[in-house]
Each structure stands twice: as structure tokens, then as C-alpha cells.
A.B. asks: 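Have a look at this one.
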Number of protein chains: 2
Amino acid sequence: MACDLCTLLAASDDPSIIWRDDALAIVAVDEPGYPGFTRVVWNDHVKEMTDLQPADRERVMRAVWAVEVALRDVLAPHKVNVASFGNMTPHVHWHVIPRHADDAHFPNPTWGARQRDASPAAIAVRTALLPELHAAITERMNESD
Amino acid sequence: MACDLCTLLAASDDPSIIWRDDALAIVAVDEPGYPGFTRVVWNDHVKEMTDLQPADRERVMRAVWAVEVALRDVLAPHKVNVASFGNMTPHVHWHVIPRHADDAHFPNPTWGARQRDASPAAIAVRTALLPELHAAITERMNESD
């Protein structure tokens, strides 16, 4: 069965790819109500983080922290959530999610029970900041190269 | 308001603490249906991973990977899930969760919609391996010191 992430990364010009190098890609996720939801995806189809060598694990996590810092700088979320499951797509990837106290699931994980409808106005304000977020992610990743 | 994790760590002899040092603790979580569910908890009450210095973030993640390897060695899960939310307890901690294709939520995250009742026999087999798991975690953490 084709892997969705392998397929995404094979599309060299996919507009959701914010930044990439020879090891990993940083991808903007179109998750309704969650502008700024970002994934860090390892290029190779590897199942578990501990299938990677320690230096490669650190490379992945440095990218996750670069995204977290950019999210905090630009969106000022109440909390940042970070998770790697891979139950359905066993290809190393991390979800980095800015959480706001008024979002649809807070304080649950975004995979948990919905708590409310988020304000369209709040979402619009955050969506307007996405170009700035993506520029901040790109700047941080280029610095750390 | 008191922090549950600060309270736990202040109890020096809490039996759920598998291993600890001057930076972090590794804690067995009593989550029904999920024997081997483990947390890595930073000692200090710090909200976000990126509030820690990079060397401390790496220290946390090395402990997470030590737990992941021990889980894989002893429980042979179908997948390992790793997540750090902190929405309700904003004190850096990681959930490291062995996932089996027959567990109650697979392939959803454990925070997602329940899919089935897990087999009590399968859970009993995994529960019987917990002493071995905790020994494996302790050995790996002592090696990496």
C-alpha cells in the first residue's frame, strides 16, 4: 500500500511543504480550526524514531523545536502539543500543534472529545499569520543548517 | 493550584517511579488496558520543551528513546506512540505508549475514539511483563548516565 507521506514528499513542488532538506520536510497541515498545525516528516520511510540513529533523532527533534519556537513567536499559543503516533502511517512524522484555550478541543488533545466550536474570528486572525509563521520556520531552519 | 507532577515527584518513595535522577523521572502509568504506558517527567515545573535549554531537551528525549527501546524489546508492540501535551498539567512530561493492533483504541491515538474491548488475556500477558520492562528501563537509563 502506498504511504501518504512518501507520496507527499515525492511531489517536489507540493505547496504544503514549507521547508525541506536531504533529511526531512516541514509541512503545513490543513486541519480545520487549527491554523499553524505543522508536521515534521522524515524523508525516508522509517517506522519508529528508535529505528533512526541517535544523531538523526536529534536532527528530527531540532526541527520540531524550531517549529515550536516559531509557533510561539508568531501565534503565541496557550500551549504547544507535540506528538508522534504513526499507527496509520508508519513513517516517522511529528505533529506540532499550537493550542489555544478557545480552540475546539482544549484542554483535550486534538484527537480527544470536542469541547466547543472555535470562534471563526479567532481562527481568521491566526490564519492571517500563516505567511509570517512559515517565514519564521524557514528562517529558523536555515539558521540551524 | 498544586501541580500533580510536582506532587508526585515530591513523594520520594512513590512506587510508580521506575527511575529518577537529578533531572527527570520515569514513571509507570496505571492506565487501564495499557500496561507499559510510561511517562518521562522533567523534575522542574517547566511548561514547554523550548523553555528548556537544548542540552536539557536532548536529555529528556534520550530518556524517551530509552523507554521506547525497552518497550520494543520487552513488549514487542505494533507501534510506539510518543506525545507531550501539557494542556492540563503544564509541566514537561512525555507519554510513551506501547500500541498493539488489538488494543482498545488502535489505530486511533489512545485519546481518540475507542474501537473495541481489548482481550483481558492479552492485557494479562503484557501486565506480567512489567517487572521485566521496568528492569530494562532501569538498565538502559543507568547505562546512559
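Chain identifiers are assigned alphabetically (A, B, ...) following the order of the sequence lines, protein sequences preceding nucleic acid strands; residue numbering begins at 1 within each chain.
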A.B. asks: Using heavy-atom distances under 4.5 Å, tell me whether A:E48 contacts chain B through its side chain, its backbone, both, or neither.
C.D. replies: both
A.B. asks: How about residues 77-91 of chain A versus chain B: which residues have heavy atoms under 4.5 Å apart?
C.D. replies: A:H78, A:K79, A:V80, A:N81, A:V82, A:A83, A:S84, A:F85, A:G86, A:N87, A:M88
A.B. asks: Under 4.0 Å between a Lys/Arg side-chain N and an Asp/Glu carboxylate O for A:D51 and B:R72?
C.D. replies: yes
A.B. asks: Please report the shortest heavy-atom distance between B:L75 and B:P35, naming the atom on each side.
C.D. replies: CD1-O, 3.9 Å
A.B. asks: What's the separation between atom CG in A:N43 and atom CG in A:D21, rounded to the nearest 0.5 Å?
C.D. replies: 7.0 Å
A.B. asks: Run the salt-bridge test on A:R20 and A:D14 with the 4.0 Å N-O cut-off and return the result as yes or no.
C.D. replies: no
A.B. asks: Below 4.5 Å, heavy-atom pairs only: which of B:R99, B:M49, B:H95 has the largest tally toward chain A?
C.D. replies: B:M49
A.B. asks: Nearest 0.5 Å please: distance from the CD1 atom of B:I17 over to the CG atom of B:L9.
C.D. replies: 5.5 Å
A.B. asks: Going from CD on B:E139 to CH2 on B:W19, what distance comes out if it is rounded to the nearest 0.5 angstrom?
C.D. replies: 13.5 Å
A.B. asks: So that I know where these two stand, are B:Y34 and B:H105 an aromatic pair - ring centroids less than 6.0 Å apart?
C.D. replies: yes
A.B. asks: Measuring from atom CG of B:L5 to atom NE2 of B:H93, what distance do you get when rounded to the nearest 0.5 angstrom?
C.D. replies: 5.5 Å
A.B. asks: Taking only heavy atoms into account, what residues of residues 110-131 of chain A are found under 4.5 Å from chain B?
C.D. replies: A:W111, A:G112
A.B. asks: Rounded to the nearest 0.5 Å, what separation is found between the CZ atom of A:R62 and the CE atom of B:M61?
C.D. replies: 13.0 Å
A.B. asks: Given the rule in the salt bridge (Lys or Arg N to Asp or Glu O under 4.0 Å) test, do B:R59 and B:D22 qualify, once you have shown the distances and angles that lead to the verdict?
C.D. replies: CA-CA 11 Å; B:R59 190 166 176 173; B:D22 61 339; 2.9 Å; yes
